[in-house]
Structures are given as C-alpha cells and as structure tokens.
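Data first, discussion second: the structure below is written as structure tokens.
Computed over heavy atoms, backbone and side chain alike; hydrogens, waters and symmetry mates excluded.
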Amino acid sequence: MKDAWSSDEVRKAEEPLIAAGEPLMARAAYALAQAVLREVAAPRAGRVPDHRLSRPGTVRLRGSLGSDGLPGTARIRPGRAAGPRADVRGARALLLVGPGNNGGDALFAGAHLARRGMVVTAVLASARAHEDGLAAFRAAGGKVLTLADVRVPAVVQAGLASDVVLDGLVGVGARGALRPPAGGLVRTLAEAREKAGERWPLTVAVDIPSGIGVDDGAVPGPVLRADRTVTFGALKPGLLLPPAAHLAGDVELVDVGFPAVAGAEGWSGSVWGVAPGRHAMSGTDPASGRVRRMEPADVAGLWPVPSPHDHKYTRGVVGVIAGTSTYPGAAVLATSGAVLAGPGMVRYLGPEAVGARVLLARPEVVVAGGRVQAWVLGPGVPALGPEDGPDDDGQARRIFGALAAVTGVLSEDVTGGKMPAVIDAGALTMLEHRLPAWAVLTPHAGELAELLQGLGHDVDRTAVEAQPLHWVRTAHQATGATVLLKGAITVVAGPGDVYAQADAPAWTGTAGAGDVLAGILGTLLAGRSADVVEDETLAARLAAAAVLVHGRAAARASAGGPVTALEIARAVPAAVAELLRA
C-alpha cells in the first residue's frame, strides 16, 4: 500500500529530524541530482530515459543516497545511481527557484550537476533564496539570474535550449494558485511546453509540481507539467489524486529518513514500502481518511479464494439486474465481469430477451431469482423518465426491490438479511433512503454531478473533475454509501481511507468497461458479504481492489493498443491468477 501524507504530517515529521541535525536537504538534493543525471545521460548512452519507460501514474520508491554516495537508510534498497561514467558534460539545466526549501533543494542539486560538467542556470523568482543553497550553487560555477534581470520570454528560450528544467518554485506549504511573478512565469512556460511538444526538455518537479493542491489534488492555477516528480520522505496526496496527478509524470519517492520509509519491513508490491496492513505513521487512526494507493499484494490478501470445503453457495452468489432491450450488451458485460472474477454463481434478473443474450454469452449464468449475497444494479438501465418502456419499468421495479434489501427497508415482496450492492448508471437515480457503507455507488463525473444536484449541491461535471476528492467525500457524507468515481484515476471514498487508483491504460475509456468493473466488484462483495456488513471500511478496500484488477486486466488485454470491454472481462482470470501468485 502506498500512503500519502498531508502537508501538516510532513512538517510534523520533518521538525524532530531537523532539530536532531539530520541532513534532509543534502539527501534530497543528491537524490534529485541523481535522478536528473540518470535521465540526461540515458539518451547519450543510447538508452531510453526512465520516465519514458514508465506508465503514467507510476510511483516508485528509491533509497536515498547521501553526498558520499552511501545509502541513507540501511533497510531501504538504494536506487541506481547515475555513476561516474554518466556523460552529461555540456548538457544544460535550467532551475526555477523559489524562496523556500524546495528552491534550496534545486540549488544544491544544481551544484551537484554543475560539478558533473553540466551548464546550469538558476532563475530566481523572488528576491529571496535559500542562502546556503545559493552559495553552494555559485561556488560550483552555476549562473544566477533573477526575474528582475531577465524577461519571461528569455526564460522560455533558455528552457527550450536546455536538456532539463527543474521546477523548485514552491513546496508543500503553498496554498492556492501561484502568485506573481511565479504564476505568470509558469503559465508562459506551460503554454510553451504544450506548443513545443517533443522539443520541450525533460521537466523534473522538485517534491511537487509547483501550483498543485498538495492535499487535495486540485489545480487552481497554472502548473508546468512534469515528466518526473522527485518527492522526498513521503508521498503527498496531490501526487496520487486527479487532476494534479496527471501533471506529476513518473513519481519517484526518495527516502530521506522519514519513519514511513525507515520503518519498512519488506516488499509491498514492487517497491519497499509499509508492510501490508500497517499504517505509515505510528499512532495513525485507520479511520482517519488517509489517501492511499492499493498495490497488488494488498489485493491478494482481499480476494475471496475458495477452500476445498467451499461450494457454489458459500463462494458467493451475485445477483445482476442490468440491461434492457435497448441496452442488452450491458447485461452481457456485467455478468461476464462477475462470472470471470470467480464467484460461486451469478443470477441474472431482467427481460426474457436480454436473459437469452446473456445465456448465449455466458451459459453458466442462472436466469432466475433466488438467493444472492450481493447485487449489481443498474448497468444499461436508463434513468427513470417519462419515455420509459416496459423493459425499463420492469427493471426499475426489480432494482427498487433489491435496494430495499440493501438499505434494510424491506418491502412486502423482499425478505432476508442486509446485503451489499454495486449501484451503477440508472440505479443511481432510484435512491430513496440513506445508504449503508456496503452500498457502493459507481458514477462517472457527470453522473456524480447529477446525483449531487439532486441532493441540493450546486455542482456540474466540470466542478467534479476539478475537485474530485472534495465531491466524492461530499457524496459519501450525503448518502452514507461508499462512492467510486470512475476515471483515468479512480477515486474511492467511504468511511476511513480514500483510495486513488491509476492501474488502467487510457484505452480503457471505452463503452462497457464500467459494466465489467461493476461485475468484478459484485463478485468481491458477494465473496466477502458477511465481512462487508460487519466492517464499514471494507467496501472501499474491495472497491479499490476491483479497480486494480480491472485496470490490470485492461492492460493485459490492451497490450498497448485498443481494447474492448469484453476483452477486458476475458482477461480478468489471468489478472487475478497473477495477483494471487505474487
């Protein structure tokens, strides 16, 4: 599990270390310089730079390397240093330097780069700069300019003539949009970057891309998009959450001695991290709402794996109410996602003609009522409206009956205990009661905006996309349900932690992919039905796990090219098997 720390937590972690004389800035600056050297040296050595090999949203953890080149923390595997043979002589670096510690990190890193033969220029965006960093930079032969000395167009030209640009304008203490003159500089550079395309140099953000919402992932003003962000000590929420995470590039987390990394006890996925089940900071309340990213090892521990004593009824029975004669494919996709995720049984309830299509695709589905342990409600069912057809009315009645069981408000024709559900598409418009946390709403941004409008909030799709963390949490608080906001980075909020998953390739944004996800999640909820009702935080963890599996199945099916929803469903068994083996 990758845990993000808020800006307040970062400051609280830094204070005792600084008081004890720990050289945090020296470690950070050296690691930053090493990251730049690796990237700049790669094409000169005929290699592809690291950031071009990584899928967007990748977060990697490296051990720190002090100025003597030794690992900063013995328990952390050190990152690959650029090494004495890395040829960067004559390469150019442009530093964008603010007045705080991030500016100091950039200046000290610039001194390392200058000593390795790079031509390094620092542009100071403020009359103030980190004094020791500035002195070290000048002593190493770095050139210093201020925005009072040089016009912004000249900075843009200097950027275009460079091999790398380092963004060290602001740190985690900044709030809101960048202020002048830094804001105007970044806006012009960002516009120049988009216009230049591949001609723009490698851009490395120091700790965070300047101008992002560190704690909420918002983007209130201009931000210079980074190819790589080298962040220190702990991940920040804005590096995991949309839309800011899309501007961070490949994120490299460097251990500088914070307890989250220094306390690592083993592998978590493909990086050294916090052992599964442990929170990064001692004393952290599991229900405190940390922003997290689930890893493959976490999913393996959540997936309901059958024992020799299990049978189809104990492994979980998923009930699917999806599709109409207008949208029969949604029923096929939702049931396929559920079946291929490994339940004991999938039941389909819906129009006879749609059921026949389901059976043609998945003959193991039972097209009849009976006992279920979790519901998948709404894929391919239109929102209620004046033009509803008979199929729509019938599916709506079935959904209302299932929702009664989910909420515990039982109708005359619904009996039995409470059970979890995935509530998608048209079913999102049929909510009449406050929901329990084991009900998982799965809207996209437009559907979430409509849901919130119905609850009295003045919000549209654009606002949801601008501040997804805020609106997902608002929807959870307003409805009581766990809320899964689908997107390139999917955000899940319920009681406790928030999950931000970036597991799928961009090709996954295709019709029907969400129906497959609903089916996968339905199987997880059915297999852990009793646990979900007992533990109000479990539904969010299962939802994040379903997103991860769905994303890995999509990546497997896509193989770098176009993919369809049905191909994603067919790749689910292999994706699950791979996770369980790992």
With sequence neighbours excluded, what pairs up with [X] under the side-chain contact (heavy atoms from CB on, under 4.5 Å) test?
X	answer
Pro209	Ala205, Ile212, Val223, Thr229, Leu239, Ala248
Asp531	Arg528, Leu538
Ser210	Asp167, Leu169, Val170, Leu178
Ala543	Val440, Leu484, Val492, Leu521

Sequence neighbours excluded - salt bridge (Lys or Arg N to Asp or Glu O under 4.0 Å) pairs with any residue from [range]:
range	answer
residues 545-559	Arg552-Glu578, Arg556-Glu578
residues 301-319	none
residues 434-450	none

Fill in: Charged N-O contact under 4.0 Å between Asp3 and Arg293
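Looking at Asp3 and Arg293, the cut-off is not met.
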
Fill in: Side-chain ion pair, Arg290 and Asp497, N-O less than 4.0 Å
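So Arg290 does not pair with Asp497 through a salt bridge.
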
Fill in: No-hydrogen, no-angle side-chain donor-acceptor test under 3.5 Å, Asp8 and Ser6
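No, Ser6 and Asp8 have no side-chain donor paired with an acceptor closer than 3.5 Å.
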
Item to complete: Please collect all side chain to side chain donor-acceptor pair (under 3.5 Å) contacts where either partner lies in residues 559-569, sequence neighbours excluded, each pair once.
Response: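 Listed once each, the pairs are Thr564-Glu567.
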
Discussion item. Per the side chain to side chain donor-acceptor pair (under 3.5 Å) rule, what does the pair list look like for residues 477-489, sequence neighbours excluded?
Written reply: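 Only Asp424-Lys486 qualify under side chain to side chain donor-acceptor pair (under 3.5 Å).
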
Taking the side chain as every heavy atom from C-beta outward, state whether [X] and [Y] have any pair of such atoms under 4.5 Å apart.
X	Y	value
Arg292	Met1	yes
Val230	Asp207	no
His470	Asp216	no
Val459	Trp471	yes
Leu435	Thr407	yes
Asp298	Arg541	no
His457	Thr474	yes
Pro420	Pro436	no

Worksheet entry | Partner set under salt bridge (Lys or Arg N to Asp or Glu O under 4.0 Å) for Glu465, not counting sequence neighbours |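 Glu465 satisfies salt bridge (Lys or Arg N to Asp or Glu O under 4.0 Å) with Arg461 only.
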
Worksheet item: Taking only residues two or more places apart in sequence or in another chain, which ones pass salt bridge (Lys or Arg N to Asp or Glu O under 4.0 Å) with Asp215?
Response: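 Listed in chain order: Arg175.
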
Discussion item. For a quick test of reading the model, state the closest non-hydrogen atom pair linking Lys2 to Leu240 and the distance between them.
Written reply: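 Taking Lys2 first and Leu240 second, the nearest heavy atoms are O-CD1, 4.4 Å.
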
Item to complete: Determine the minimum heavy-atom distance between Ala565 and Thr510, stating which atoms define it.
Response: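 Nearest heavy atoms, Ala565 then Thr510: N-CG2, 4.2 Å.
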
Discussion item. Are more than 12 heavy atoms, taken from residues, nucleotides or ligands other than Glu364, located less than 6.0 Å from that residue's CD atom?
Written reply: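 Count over threshold, so yes.
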
Worksheet item: Among Val358, Ile568, Leu517, Leu566, which residue meets the side-chain contact (heavy atoms from CB on, under 4.5 Å) test with Leu333?
Response: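 Of the listed options, the one satisfying the test is Leu566.
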
Practice prompt. Using the test side chain to side chain donor-acceptor pair (under 3.5 Å), find all partners of Glu432 that sit at least two apart in sequence or belong to another chain.
Written response: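 Counting only residues at least two positions away or on another chain, Glu432 forms no side chain to side chain donor-acceptor pair (under 3.5 Å).
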
Is the backbone N or O of [Y] less than 3.5 Å from a side-chain atom of [X], with the two atoms forming a donor-acceptor pair by type?
X	Y	result
Gln453	Asp458	no
Tyr348	Ala322	yes
Asp227	Thr203	yes

Discussion item. Would Leu431 and Leu441 count as a side chain to side chain contact (heavy atoms under 4.5 Å, CB included) here? Give the steps.
Written reply: CA-CA 10 Å; Leu431 307 179; Leu441 312 184; 4.1 Å; yes

